[in-house]
Peer 1: 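Input: one structure, supplied below.
Quick caveat: nothing in here was measured; it's all calculated off a predicted structure. Residue numbers begin at 1 in each chain, while the letters A, B, ... track the order of the sequences.
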Amino acid sequence: MMRQSKLIGTLAVLPAFFIVAGFMAFPVMFALYISFTKTNGLTYDWIWFKNYTDIFVDPIVHQVFLNNFKFIISVPLVIFTALITAILLFERFRGWKFFRVIFFLPNVLSVAVIGLIFRNAFGYDGAVNQFLGLFGVEPIQFFIDANYSIFIIILALIWSGFGYQSLLLLAGLTSINPAVFEAAAIDGAGWWRRLWSITLPNIRKVLGFVFIINILYTFASLFGFVFVMTAGGPGYETTTIDFLVYLRAFSSNNLGSGAALAVVLFIFIGLLTLVQNRVFRLQKED
Amino acid sequence: MSDSDSISTQLNTRGRWPIFIAMCVLAATIIYPLFFVVVTSLRSNVDYKRDPFGLPAVWSVDNYIKLWDEYGVGRAFLNSLFVSMSAVTLILIFATLAGYALAKLPVFGAKYFTATFVSVMLIPGPVLIIPIYLVLARLGIVGDYAGLILVYLATGLPFAIFFLTLTFRAIPEEILDAAKVDGAGFFRTLWSIVRPMGASGIATLAVLQFLGTWNELIFALILIPDAKMKLLTPTLASIGKRFVTDQPLTSAGLFITALVPLLLLTFASKYIMRGLQVGLSR
């Protein structure tokens, strides 16, 4: 009886397992294999680490990694906006639940939609230029300048990210024992003092989590924004790693190079996740 | 500081007004761009350039009609609907089976299955682009919805199983035991007990997964090259590229693509907000 139900249980898991193994786990192994070959997708020549050594001396790859680091500027900005929003939402003023849904709104939209809203707004005849025009400013071609482009993508990141993250932080705030606040209030600690000495230290774990997801986001999820807003240009100045993987995959005759880049990205993200786990474990112990 | 405030953990009523106003301003930064998109989509390009911030002199749905009929947005909308519904249905079926088994039944090597599902959740999308393309090409299903749905299924399942395992764990053991005593088999228990008792979790998952597949861009872009079969997000991206100088037209495309998610948020926000909490515990 027991054995029979164990068999049924296993059979119920297997279909999902085969799909995930076949189309998630296997492709990652396959990517690793491809990264050691020179290939056009039909024939594979084993060339050991050549793709990797090529990447490390490729000036475009250097530039693209540097671009990704520029996008990290968005991380403190998103977290700061999210934190302020969370702290204000935590005051539970009238209608805060409604605001919660509004702030979450960008999260249900496609990156293609968000990206195009911002591309439109900063386009030559877009809302921003029209608005500046009211003050007699000549229209600016924002997207021919890499600095403007990066700034606009960062703005889109903040716009679309702060709401969800403020809800994550709000969940952290809600889990603080209210007695701690009351004790502090009785001791005469003002609102600011409580914020600094109680609220923030108590949510550092959630803050850490939000920090890491933001970093991961800037390294692995900018494709959509870059694709619809700048297509990586001007030159390679707004190309990110994930966009370069796409470019290499579909415009060069060596897929191995793109795969090697993807593997490097994967290892980088894996290391970040390890660091995150290590930090969390330390905090659980203390 | 008043007496009541010294006990309250929060600001007094007077202190709350600035907060309320700050929140309204913040909310406006989200609502206004969307409002602007909707208004812009309902006017001609000439009318837009004449007075972009005012209301249209003539309201018209011409942009929508043009996009829907001439630029393939209508077809793309239906394609996206078909692919998303198929993917979500399949995800729900496979994830319910696996989630129920992992939550309530003995499974050979359950630990390893769970470990696999959790660890593949960490795989960043860009890593999969090249190998998935090559694997599907080898199977001969690039350019076929089957391939795309399979990819959405594989990338959606790990979280779905994780989510439903948590949901189904909450079902009381006694009820399942009672069903067993009554002679209910695996599928009967799944259908008559697990499904209704986990209904709100399943609904939450369905909404989240639908949003995910509807909004997905990169695989929809690379796996469906045929213009007639294109999904909505790649169609919108190419319209955005083609009509850079016609903001009302692209705005209409934006609103069509955003409409379904916005409707879901309006009518299923309860489920979406609940899904959020589980997302955090991940």
Side-chain angles (χ1 to χ4, degrees), chain A residues 5-6 8-10 12-13 15-17 19-20 23-25 27-28 30-31 34 41 85 88 91 93 99 101-102 105-106 108-113 116-117 119-120 123 125-127 130 167-168 171 178 181-182 185 191 220 223-224 227-228 242 245-246 249 255 258-259 262 265-266 269 273, chain B residues 6-7 9-11 16 19-20 22-23 26-27 30 33 36-37 49 52 94 97-98 101-102 105-108 113 117 120 122-132 134-135 150-151 153-154 157-158 161 186 211 215 217-218 233 236-237 240 244 247 250 254 257-258 261 265 269 276 280:
Chain A
S5 76
K6 200 161 188 178
I8 293 174
T10 312
V13 180
F17 176 76
I19 294 167
V20 170
F23 294 93
M24 289 278 281
V28 172
F30 192 37
I34 298 167
T85 313
L88 296 185
E91 291 295 326
F93 51 85
F99 282 100
V101 177
I102 300 276
L105 202 153
V108 304
L109 300 177
S110 171
V111 282
V113 170
L116 264 184
I117 288 178
R119 225 251 351 240
N120 266 359
D125 50 9
Q130 303 276 9
L167 298 188
L168 294 182
F181 286 108
E182 278 161 29
W191 190 84
F223 174 88
F227 182 77
V228 298
D242 48 351
V245 172
Y246 162 81
L255 291 164
L265 179 65
F266 189 28
I269 286 176
T273 316
Chain B
S6 66
I7 295 169
T9 61
Q10 293 163 332
L11 289 175
R16 285 178 176 211
I19 291 177
F20 186 74
M23 290 284 101
L26 210 51
I30 288 181
F36 189 81
V37 165
K49 284 183 179 158
F94 289 116
L97 285 172
L102 288 172
L105 297 178
V107 174
F108 285 111
F113 284 122
F117 292 135
V120 296
L122 302 171
I123 298 173
V127 178
L128 294 172
I129 298 174
I130 294 174
I132 280 199
L134 292 177
V135 168
L150 208 51
V151 171
L153 185 56
L157 269 178
I161 293 169
F186 175 78
L211 287 174
N215 289 335
L217 173 65
I218 186 160
T233 44
L236 174 72
V244 177
Q247 295 225 351
T250 49
L254 281 171
T257 314
L265 184 65
S269 70
L276 188 83
L280 177 64

Peer 1: Among residues at least two apart in sequence or on other chains, which ones pass side chain to side chain contact (heavy atoms under 4.5 Å, CB included) with Val20(A)?
Peer 2: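 Side chain to side chain contact (heavy atoms under 4.5 Å, CB included) check on Val20(A) returns Met24(A), Phe117(B), Val120(B), Leu157(B), Pro158(B).
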Peer 1: At a 4.5 Å cut-off on heavy atoms, which part of Phe266(A) comes close to chain B: side chain, backbone, both, or neither?
Peer 2: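 Interface part for Phe266(A): both.
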Peer 1: For the candidates Leu105(B), Ile129(B), Leu102(B), Leu134(B), which exhibits the highest count of non-hydrogen atom pairs separated by less than 4.5 Å from chain A?
Peer 2: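 Ranked by contacts with chain A, first place is Leu134(B).
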Peer 1: To the closest 0.5 Å, what do you measure between CD1 (Ile132(B)) and CZ (Phe30(A))?
Peer 2: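 The CD1 atom of Ile132(B) sits 11.5 Å away from the CZ atom of Phe30(A).
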Peer 1: Rounded to the nearest 0.5 Å, what separates atom CD in Gln247(B) from atom CD in Gln130(A)?
Peer 2: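 So the gap between those two atoms works out to 8.0 Å.
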Peer 1: side-chain contact (heavy atoms from CB on, under 4.5 Å) for Val37(B) and Asn120(A)? Distances and angles first, verdict last.
Peer 2: CA-CA 9 Å; Val37(B) 165; Asn120(A) 266 359; over 6 Å; no
Peer 1: Measuring only between side-chain heavy atoms, which start at C-beta, is Leu122(B) closer than 4.5 Å to Ile269(A)?
Peer 2: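 Not touching, per the 4.5 Å side-chain cut-off.
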Peer 1: Against chain B, work out which of Ile8(A), Val228(A), Leu109(A) has the most heavy-atom pairs shorter than 4.5 Å and name it.
Peer 2: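 Winner by heavy-atom pair count: Leu109(A).
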Peer 1: So which atom in Asp125(A) and which in Lys49(B) form the shortest heavy-atom distance, rounded to 0.1 Å?
Peer 2: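 Closest approach of Asp125(A) to Lys49(B): OD2-CE, 2.8 Å.
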Peer 1: Under a 4.5 Å cutoff for heavy-atom pairs, which residue among Leu265(B), Leu217(B), Thr233(B) has the most contacts with chain A?
Peer 2: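 Option with the top pair count is Leu265(B).
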Peer 1: Do you know which of Pro106(A), Ser110(A), Ala16(A), Gly9(A) has the most heavy-atom pairs with chain B at a distance under 4.5 angstrom?
Peer 2: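 Highest number of pairs under 4.5 Å: Ser110(A).
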Peer 1: Between Ala12(A), Ala112(A), Ala262(A), Ala220(A), which residue shows the highest count of heavy-atom pairs closer than 4.5 Å to chain B?
Peer 2: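 Result: the option with the highest number of such pairs is Ala12(A).
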Peer 1: Taking the side chain as every heavy atom from C-beta outward, state whether Val28(A) and Leu128(B) have any pair of such atoms under 4.5 Å apart.
Peer 2: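 Yes, at least one pair of side-chain atoms sits under 4.5 Å.
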Peer 1: Less than 4.5 Å to any heavy atom of chain A: does that hold for the side chain of Leu236(B), its backbone, both, or neither?
Peer 2: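 Its backbone and side chain both get close to chain A.
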Peer 1: Given heavy-atom pairs under 4.5 angstrom as the criterion, report whether the side chain, backbone, both or neither of Ile117(A) touches chain B.
Peer 2: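 For Ile117(A), the contact with chain B is made by backbone and side chain together.
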Peer 1: Could you tell me if the side chain of Leu88(A) sits less than 4.5 Å from the side chain of Leu26(B), heavy atoms only?
Peer 2: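 No - every pair of side-chain heavy atoms lies 4.5 Å or more apart.
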Peer 1: Mind checking what makes side chain to side chain contact (heavy atoms under 4.5 Å, CB included) contact with Phe108(B), not counting sequence neighbours?
Peer 2: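 Testing Phe108(B) for side chain to side chain contact (heavy atoms under 4.5 Å, CB included), a comparison that skips the adjacent residues, returns Lys6(A), Thr10(A).
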Peer 1: Using non-hydrogen atoms only, which part of Ile123(B) is less than 4.5 Å away from chain A: side chain, backbone, both, or neither?
Peer 2: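 Ile123(B) touches chain A through backbone and side-chain heavy atoms alike.
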Peer 1: Counting heavy-atom pairs under 4.5 Å with chain A, which one of Thr257(B), Leu153(B), Thr250(B), Ile218(B) comes out on top?
Peer 2: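 Most heavy-atom pairs under 4.5 Å with chain A: Ile218(B).
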Peer 1: So what's closer than 4.5 Å to chain B heavy atoms on Phe17(A): side chain, backbone, both or neither?
Peer 2: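 The answer is both parts of Phe17(A).
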Peer 1: Measuring heavy-atom distances to chain A, does Ile161(B) have an atom under 4.5 Å in its side chain, in its backbone, in both, or in neither?
Peer 2: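 For Ile161(B), the side chain is the part near chain A, not the backbone.
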Peer 1: Mind ranking Asp242(A), Leu265(A), Ile102(A), Val111(A) by heavy-atom pairs under 4.5 Å with chain B and telling me who comes out on top?
Peer 2: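 Among Asp242(A), Leu265(A), Ile102(A), Val111(A), the one with the most close pairs to chain B is Ile102(A).
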Peer 1: For Val113(A) and Ala258(B), work out which heavy atoms get closest and say how close.
Peer 2: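 Closest approach of Val113(A) to Ala258(B): CG1-CB, 4.2 Å.
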